[in-house]
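Below is one structure, written out as structure tokens; comments come after it.
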Number of protein chains: 2
Amino acid sequence: MADVAARAGVSAKTVSNVLSGYPYIRPSTRERVLAAVDELGYEINVTARNFRSGRTGVVGLAVPELGQPYFGELADEILAAARARDLQVVVSPTGFTREGELAALREPRRRLVDGLLFSPAALVQDDAGLLEDLGYPLVLLGEQMFSDKVDHVTMRNVEGARAATDLLLDAGRRSIAVIGMLHAPTAGSATLRFRGYTEALAARGLAVDERLLGWADDGWHRGNGARAMADVLETGVEVDGVVAFNDALALGAMYELQVRGRAIPRDVAVVGFDDIEDARYSRPALTTVDPGRRDIAEYAVALLDRRLAAAARGEAPGAPVLHVADMRVIERESTPRRS
Amino acid sequence: MADVAARAGVSAKTVSNVLSGYPYIRPSTRERVLAAVDELGYEINVTARNFRSGRTGVVGLAVPELGQPYFGELADEILAAARARDLQVVVSPTGFTREGELAALREPRRRLVDGLLFSPAALVQDDAGLLEDLGYPLVLLGEQMFSDKVDHVTMRNVEGARAATDLLLDAGRRSIAVIGMLHAPTAGSATLRFRGYTEALAARGLAVDERLLGWADDGWHRGNGARAMADVLETGVEVDGVVAFNDALALGAMYELQVRGRAIPRDVAVVGFDDIEDARYSRPALTTVDPGRRDIAEYAVALLDRRLAAAARGEAPGAPVLHVADMRVIERESTPRRS
DNA sequence: GTGAAAGCGCTAACAA
DNA sequence: TTGTTAGCGCTTTCAC
């Protein structure tokens, strides 16, 4: 940088100012500096800048697993939003484990990232305290539970599951299986989506039949959807509808149903959750709940960026934000056409 | 760190040595230092360490798109391998664009990452020069083209596609469509897999029928697989087999075939490529080529780590490595059972 | 095995 | 609008 300064006939600080976008610089000066940068092929040492400024321009993204289309697609949208704001992203897959999630929460302390976008899947409500006063900006993705002292960008889990269940009830289905139940008491989507299911039944005076609950404790993968569906059918209970807690589970459940000769949607109607790309190309195309993923990514990155800027200016953080994206049901072929 | 040193009754340098794993330290000293670290809740400032040492312990991963299961699953395996070596990973989706890929290649110059794992999809053979002498360690993922001056960790694209095609030919199929052709002259999988297809046909004295080529220039997504399959069928050509250049395309093609009343594998046999998780749960389950993804991820990270360590010791880089993972065909239900 | 001194390249704070 | 000074927290170098 000293070389660039010498060549442009200015001080190092002016070069620094130009490269940092400091506005009060005479255009002619800026030009000379940029010309010198070009001629010398200079590239700023980001490490030194980070060290001195105490900021890195890097944020962490902790999600369970990128191989799951929902999280992969979410990560793409978050990375795009971050890029638009000149933020880099370090991704930490937590593998649905408590240790993975705790490790991700510790990471920013070491100052490699300025803040964290965190999609919890293994922490439970009792862990709320772990998320408070971390000393860095944290934005939670996807859930509405935990602490009200933390920024959240979430989806309408309860309403989405309830709308999905209502769609089946409206079609006259009364024996609706749930695919994706978890025994772990995580404060996660499973709990909320099950609540939506329960509420929809209760509103029509229906009770939950335990035999209709399909458990998928090993993860919301397609294979576990097929297995859970099989478990439900093995009980001998009659099934005319399925609400799956995500699209992968739904696609697995459809596979199992079709293998056993059930026609979809005639014999069994199926609704998923997430609107991943695959849902459009299954056979039949899957009816699902779009939880507003794009909006979640955009809003979360913007919010974290805002928090980082405020922290850099030394401001006290404002009140925690709760942003809830709008959901909508996308009707395709796996549910009967409404008349 | 000074506080820790004071508390432990040693110098800062000794604390640094302990925390950096320097071996020649008396156990009693180490213990005292670690105790002081614990008591004070000290966390090393990674930024300062990076700055001073000139290394960051972060590597870049440039892939086209995480929402594609192949890349999402690959990213998960790379992140796991990196974590095992205490490396952080900054992910840059390139969006299948030349600009995205060039931007990813520039990133390490700014010193935020020490090296780069790069899965090219838009660069062409003429760009080979861009990959040489970058001034940082680069490991290419997935292709065998470009420069022989660069480390590659690749898969048997040609052999895989040839084996897939042979499987159909062995089953007596003679009118085999290809799904996933690209017009762009990228040095990518499309070119190599098409070569494998061509070779397999040629070995039996068969020529390529242009009507059987399904183009998917907008990306190897499921939807484009369905569209490309439709395009082929619209030509009126007879089709009794399909080789798709990835599993998503294959699943899309199967959808289109089934919509049009073709039975799989009776009327049309289908083979994919990549062995993504979904391939196991499609209906029928998809026969596919496992390109050795796990091995690729492990080997690539280990190689890059080796290069980084050598660079840190000031050694000249050794000769470029070419590692080719073993592929194998996984036969499922979408191809006729071998008799 | 451990310590003292120096300095990495940049930007905060302030001065001009 | 630009320059000067100081120093971020660690590791390198080299001495002991």
Side-chain angles (χ1 to χ4, degrees), chain A residues 1-37 40-58 86 108-112 114 135 308-309 311-315, chain B residues 1-34 36-37 40-58 86 108-112 114 135 308-309 311-314:
Chain A
M1 185 178 270
D3 295 349
V4 173
R7 186 171 190 112
V10 298
S11 75
K13 178 63 215 192
T14 299
V15 176
S16 168
N17 282 338
V18 168
L19 296 178
S20 309
Y22 182 71
Y24 306 111
I25 292 179
R26 197 174 306 153
S28 63
T29 310
R30 182 195 313 277
E31 268 171 44
R32 256 183 309 134
V33 169
L34 293 177
V37 165
L40 293 155
Y42 170 76
E43 302 234 20
I44 198 163
N45 184 327
V46 186
T47 306
R49 164 187 280 179
N50 292 346
F51 171 49
R52 180 62 240 227
S53 68
R55 295 192 55 193
T56 66
V58 182
D86 270 325
R109 290 260 173 72
R110 310 200 311 153
R111 305 297 187 79
L112 202 130
D114 293 332
L308 293 174
R313 288 193 303 269
E315 296 170 11
Chain B
M1 185 179 273
D3 295 349
V4 174
R7 186 170 192 115
V10 298
S11 75
K13 176 62 216 186
T14 300
V15 177
S16 169
N17 281 340
V18 169
L19 295 179
S20 310
Y22 182 71
Y24 304 112
I25 292 179
R26 196 174 306 155
S28 61
T29 309
R30 185 194 312 278
E31 266 171 45
R32 256 183 312 132
V33 169
L34 292 177
V37 165
L40 293 157
Y42 170 77
E43 302 235 19
I44 197 162
N45 183 329
V46 185
T47 305
R49 164 186 282 179
N50 292 347
F51 171 49
R52 182 62 241 232
S53 67
R55 296 192 53 191
T56 66
V58 182
D86 269 326
R109 290 260 174 72
R110 311 199 312 151
R111 308 297 189 78
L112 202 130
D114 293 332
L308 293 174
R313 287 193 305 268

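Chain identifiers are assigned alphabetically (A, B, ...) following the order of the sequence lines, protein sequences preceding nucleic acid strands; residue numbering begins at 1 within each chain.
Atoms OH (A/Tyr24) and P (C/dA15) sit 19 Å apart, rounded to a whole Å. B/Arg55 has its CZ atom 18 Å from the P atom of D/dC10, to the nearest Å. One interatomic measurement links the two molecules: CG of A/Leu112 to C1' of D/dG9, which rounds to 15 Å at whole-angstrom precision. Nucleotide C/dG3 holds its P atom 13 Å from the CE atom of B/Met1, rounded to whole Å. The interatomic distance linking A/Asn17 (CG) with C/dA13 (C1') rounds to 12 Å, in whole Å. Between B/Leu19 atom CG and D/dG9 atom C1' there is a gap of 13 Å when expressed in whole angstrom units.
With respect to A/Leu34, the side-chain contact (heavy atoms from CB on, under 4.5 Å) criterion is satisfied by exactly one of A/Arg32, A/Glu31, A/Arg30: A/Arg30.
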Atom pairs under 3.5 Å, N or O on each side, protein against nucleotides 4-8 of chain C: can you list them with distances?
{"unit_1": "C/dG7", "atom_1": "N2", "unit_2": "B/Arg52", "atom_2": "NH1", "d": "2.7"}
{"unit_1": "C/dG7", "atom_1": "N3", "unit_2": "B/Arg52", "atom_2": "NH1", "d": "3.0"}

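Contact annotation: A/Ser16 side-chain N/O to C/dT11 OP1/OP2 distance is under 4.0 Å. The phosphate of C/dC10 (OP1 or OP2) has a side-chain N or O of A/Tyr42 nearer than 4.0 angstrom. Contact annotation: B/Thr14 side-chain N/O to C/dG3 OP1/OP2 distance is under 4.0 Å. Residue B/Thr29 places at least one side-chain N or O closer than 4.0 Å to OP1 or OP2 of C/dT2.
A/Val37 and A/Val4 get closest at one heavy-atom pair: CG2-CG1, 3.7 Å. Across every non-hydrogen atom of B/Asp114 and B/Gly57, the tightest pair is OD2-N, 2.8 Å.
Side chain of A/Ser16 to main chain of A/Ala12: no donor-acceptor pair is present (N/O by atom type, distance under 3.5 Å, no hydrogens or angles). Side chain of A/Thr14 to backbone of A/Val10: no donor-acceptor contact under 3.5 angstrom is found.
B/Tyr22 comes within contact range of at least one nucleobase, with a heavy-atom separation under 4.0 Å. At the heavy-atom level, A/Thr47 lies nowhere under 4.0 Å from the strands shown.
Between B/Leu19 and B/Arg49 there is a side-chain heavy-atom pair separated by less than 4.5 Å.
Out of C/dT2, D/dT2, D/dG3, the shortest distance to the side chain of A/Arg26 is found at D/dT2.
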task: Please assess A/Thr56 against A/Leu112 for the test side chain to side chain contact (heavy atoms under 4.5 Å, CB included), listing each intermediate value before the final yes or no.
output: CA-CA 7 Å; A/Thr56 66; A/Leu112 202 130; 5.7 Å; no

